[in-house]
**Q** 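What follows is a structure written as structure tokens; I'll ask about it next.
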Amino acid sequence: TNISKSYRETKVIPGLNLEIPDGSFLSLLGPSGCGKTTILRMVAGLEEPTTGTISIGNELVFAGPNAINVPPEKRELGMVFQSYAIWPHLTVLENVAFPLSCRKVPRKERIERSMKMLAGVRLEGLSHRKPHQLSGGQQQRVALARALVANPKVLLLDEPLSNLDANLRDEMCDEIKKIRDRFPIT
């Protein structure tokens, strides 16, 4: 509600009011530099709004500077960054399990949930590979699996198809639709 973001005198987001119904799929469209990524980063808690409030479900996660500002790891969100942000030194399985490690999920459960998620994105046979051994589409699916494994309330995707060629972009668009059907999420 009334979210704004300014950097010194430059107002990047002038005052946004947006309500996204639970379970819906919303795309923000606009030219480069119009604030799409800034909005996602504010929802995720990676960027602090200048004014306004942010609620996820019924939980208030941000209310003005110096009031309420729930840290990113407590917002129950999954995020896929434009660059995918996959750890190069970890295997596919370790990358997907990372959010569960941060939440202190026991090792056995962490592996089971991660393997199930890898199967859900059709990567179960690649669990021991490193990211450099994967195609762009496979790396994207690792990032999606990692974002979904902790059962987030909301999944944020920052230009998830921009790093892919035209053929792979079409294929991954279909894949995202299938994943959304398998994992109903806002």
Side-chain angles (χ1 to χ4, degrees), residues 1-87 95-106 109-110 113-114 116-117 120-121 140-162 176-177 179-186:
T1 305
N2 200 32
I3 288 296
S4 71
K5 180 64 180 176
S6 298
Y7 296 100
R8 297 182 192 222
E9 301 302 316
T10 305
K11 198 164 247 193
V12 180
I13 308 295
L16 175 68
N17 289 295
L18 181 63
E19 185 173 334
I20 304 165
D22 189 38
S24 64
F25 188 95
L26 175 81
S27 295
L28 300 176
L29 302 174
S32 182
C34 74
K36 301 178 301 289
T37 295
T38 301
I39 292 167
L40 290 178
R41 291 179 57 81
M42 288 189 297
V43 171
L46 301 172
E47 195 77 46
E48 187 173 306
T50 305
T51 64
T53 62
I54 299 173
S55 294
I56 299 172
N58 293 327
E59 183 184 357
L60 185 64
V61 296
F62 181 82
N66 305 316
I68 295 170
N69 193 1
V70 175
E73 65 274 12
K74 303 240 189 240
R75 292 190 182 200
E76 297 183 60
L77 301 173
M79 185 157 181
V80 177
F81 296 90
Q82 185 174 356
S83 65
Y84 309 140
I86 301 171
W87 297 101
N95 265 287
V96 173
F98 186 77
L100 301 176
S101 298
C102 293
R103 289 171 175 82
K104 308 284 192 248
V105 172
E109 180 185 348
R110 192 168 61 226
R113 286 174 60 181
S114 298
K116 183 178 179 183
M117 189 57 62
V121 297
Q140 183 193 44
R141 285 185 278 157
V142 170
L144 278 167
R146 181 184 57 202
L148 291 168
V149 74
N151 301 317
K153 292 178 182 176
V154 176
L155 177 63
L156 304 172
L157 304 167
D158 189 4
E159 298 194 38
L161 307 174
S162 64
I176 289 172
K177 288 177 190 173
I179 289 169
R180 186 174 182 279
D181 290 342
R182 282 191 295 254
F183 306 100
I185 191 170
T186 304

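Please read all numbers here as calculations on a predicted model, not as lab measurements. The figures that follow rest on heavy atoms only: side chains count, while hydrogens, waters and symmetry mates do not.
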**Q** Should N151 and R113 be marked as a side-chain contact (heavy atoms from CB on, under 4.5 Å) after you check the CA-CA gap, both sets of side-chain angles, and the distance that decides it?
**A** CA-CA 10 Å; N151 301 317; R113 286 174 60 181; 3.5 Å; yes
**Q** Minimum heavy-atom separation for V70 and R75, please, with both atom names.
**A** O-NE, 2.7 Å
**Q** For a 4.5 angstrom cut-off between non-hydrogen side-chain atoms, does L40 reach L46?
**A** no
**Q** So which heavy atom on R103 is nearest to which on E73, and how close?
**A** NH2-O, 4.1 Å
**Q** Using a 4.5 Å cut-off on heavy atoms from C-beta on, say whether the side chain of E76 contacts that of I56.
**A** no
**Q** Please check if any side-chain donor atom of T50 sits under 3.5 Å from a side-chain acceptor atom of S4, or the reverse.
**A** no
**Q** Distance-only, no hydrogens or angles: does the R141 side chain make a donor-acceptor pair with backbone N or O of V121 under 3.5 Å?
**A** yes
**Q** Return the minimal non-hydrogen interatomic distance between L77 and P152, and the atom names on each side.
**A** C-CB, 3.5 Å
**Q** For atom NZ of K116, is the number of surrounding heavy atoms from other residues, nucleotides or ligands below 6.0 Å larger than 12?
**A** no
**Q** So, for I86 and A143, which heavy atoms are closest and what is the spacing to 0.1 Å?
**A** CD1-N, 4.4 Å
**Q** Among I3, L16, I13, find the one that has a side-chain contact (heavy atoms from CB on, under 4.5 Å) with P49.
**A** I3
**Q** Looking at N17 and N2, what are the two nearest heavy atoms and their distance?
**A** OD1-N, 2.6 Å
